[in-house]
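Shown next, in structure tokens, is the structure this report addresses.
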Amino acid sequence: MTPPKKTGPRVNRDIDAPRIRLIDHNGEQAGIVTVDEGMRRANDVSLDLVEIAPHASPPVCKILDVGKLKYQEQKKRSEARKKQKTIEIKEIKIRPNIDNHDYDVKMRNAKRFIEDGDKVKVTLRFRGRELAHQELGARVLERIKEELDLVAKVEQMPKMEGRQMVMVVAPR
């Protein structure tokens, strides 16, 4: 059975190039040396020899603390994860014969969702004989599209899904 493959940069005895370009613990060029010479210099200052540019010719190695390097990389990853925003899809349900005040409340909520960076799914539900007058629903969705035009773009044009018409708008 083969041993598991190590992730991250090669360290100390794992470096397999015969000659390396060495950067010392102060960040200054030390020239091209053998791996053994680099290891000796790293041991003199109680640090590790780390391969930072393996595809260069010769590979570039630096004398530094591997534990500290891994810790800093872990901190960068967790910071990037914190700054990541998950986009949610908020849903607004309306009817074709919606009253003006109800419409205004729904639009206020839709604008707030979009300003928060979320997508908004507008679901217009038809009941009973309303299904025969789909143009009324299309007019309501067109009105919503025009009203949200400054802050959002239509990601999915209105389409019928059974007894409801659905439109998705996303922040600009």
Side-chain angles (χ1 to χ4, degrees), residues 1-11 14-15 17 21 23 27 48 50-62 64-172:
M1 188 170 158
T2 59
K5 188 173 188 263
K6 289 185 178 180
T7 58
R10 291 189 283 198
V11 182
D14 294 339
I15 300 169
R21 182 176 304 275
I23 300 173
D48 301 298
V50 181
E51 187 176 47
I52 56 173
H55 301 297
S57 180
V60 180
C61 295
K62 190 171 185 178
L64 47 85
D65 184 4
V66 173
K68 188 175 179 182
L69 177 73
K70 287 182 179 178
Y71 175 74
Q72 288 171 339
E73 287 174 354
Q74 180 186 356
K75 290 290 272 185
K76 281 183 192 173
R77 282 194 303 271
S78 68
E79 279 297 316
R81 210 175 303 116
K82 281 181 193 173
K83 292 178 183 171
Q84 205 172 17
K85 172 139 177 35
T86 56
I87 296 176
E88 293 182 33
I89 296 182
K90 303 285 189 169
E91 186 173 20
I92 292 180
K93 294 184 178 183
I94 57 175
R95 298 277 311 281
N97 53 352
I98 188 169
D99 191 51
N100 282 337
H101 177 69
D102 295 337
Y103 176 82
D104 294 340
V105 170
K106 301 281 187 182
M107 290 312 298
R108 209 169 26 244
N109 286 336
K111 286 178 183 170
R112 190 184 73 224
F113 294 151
I114 290 169
E115 286 167 3
D116 291 346
D118 296 323
K119 293 180 181 181
V120 177
K121 178 180 180 181
V122 182
T123 304
L124 189 128
R125 185 167 215 138
F126 295 102
R127 287 169 61 189
R129 292 190 195 143
E130 292 173 347
L131 206 53
H133 300 285
Q134 293 179 12
E135 71 278 354
L136 294 175
R139 249 187 263 145
V140 173
L141 290 178
E142 187 62 35
R143 181 177 164 198
I144 291 172
K145 184 175 124 181
E146 289 171 9
E147 199 163 317
L148 294 177
D149 195 39
L150 295 174
V151 291
K153 62 181 181 286
V154 176
E155 194 171 82
Q156 178 186 322
M157 294 303 285
K159 69 175 185 182
M160 283 299 292
E161 292 179 359
R163 293 189 147 267
Q164 52 194 21
M165 198 176 277
V166 178
M167 175 175 74
V168 178
V169 290
R172 281 206 180 273

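Not measured: the values here are computed from a predicted model.
With salt bridges taken as basic N to acidic carboxylate O contacts below 4.0 Å, one links Glu88 and Lys90.
Between the CD1 atom of Ile98 and the CG atom of Leu136 there is a distance of 13.0 Å, given to the nearest 0.5 Å. The CG atom of Leu124 lies 5.0 Å from the CG atom of Leu141; values are rounded to the nearest 0.5 Å. Within the model, atoms CD of Glu91 and CG of Asp118 stand 13.5 Å from one another, a figure rounded to the nearest 0.5 Å. Note that CD1 of Ile89 is 13.0 Å distant from CZ of Phe113, once rounded to the nearest 0.5 Å. The line from CZ of Arg112 to CG of Asn109 is 4.5 Å long, rounded to the nearest 0.5 Å. In this structure, the separation between CD1 on Ile52 and SG on Cys61 is 7.5 Å, given to the nearest 0.5 Å.
Counting heavy atoms from C-beta on, the side chains of Pro54 and Arg10 come closer than 4.5 Å. Within the 4.5 Å cutoff, the side chain of Lys111 has heavy atoms near those of the Glu147 side chain. Between Arg143 and Val140, every side-chain heavy-atom pair lies at or beyond the 4.5 Å cut-off. The shortest side-chain heavy-atom distance between Met107 and Leu148 falls under the 4.5 Å cut-off.
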Report, one line per pair, each donor and acceptor closer than 3.5 Å where one atom sits in a side chain of residues 160-172; sequence neighbours left out.
residue: Arg172; atom: NE; partner: Asp149; partner atom: O; Å: 3.0
residue: Arg172; atom: NH2; partner: Asp149; partner atom: O; Å: 3.3
residue: Arg172; atom: NH2; partner: Asp149; partner atom: OD1; Å: 3.2

Validation: residues 75-82 side-chain donor-acceptor distances under 3.5 Å, sequence neighbours left out:
residue: Ser78; atom: OG; partner: Lys75; partner atom: O; Å: 3.0

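Counting only residues at least two apart or on different chains, the salt bridge (Lys or Arg N to Asp or Glu O under 4.0 Å) pairs with a member in residues 126-141 are Arg95-Glu130.
Using modelled atom types, one side-chain atom of Lys106 and one backbone atom of Lys93 make a donor-acceptor pair closer than 3.5 Å. The main-chain N or O of Val50 is never found under 3.5 Å from a side-chain atom of Asp48 such that the two would form a donor-acceptor pair.
For the residue pair Gly137 and Phe126, the shortest heavy atom distance occurs at CA-CZ, 4.0 Å.
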Discussion item. Working note: Ile144 + Ile94, criterion side-chain contact (heavy atoms from CB on, under 4.5 Å); need CA distance, chi angles, decisive distance, verdict.
Written reply: CA-CA 11 Å; Ile144 291 172; Ile94 57 175; 3.5 Å; yes
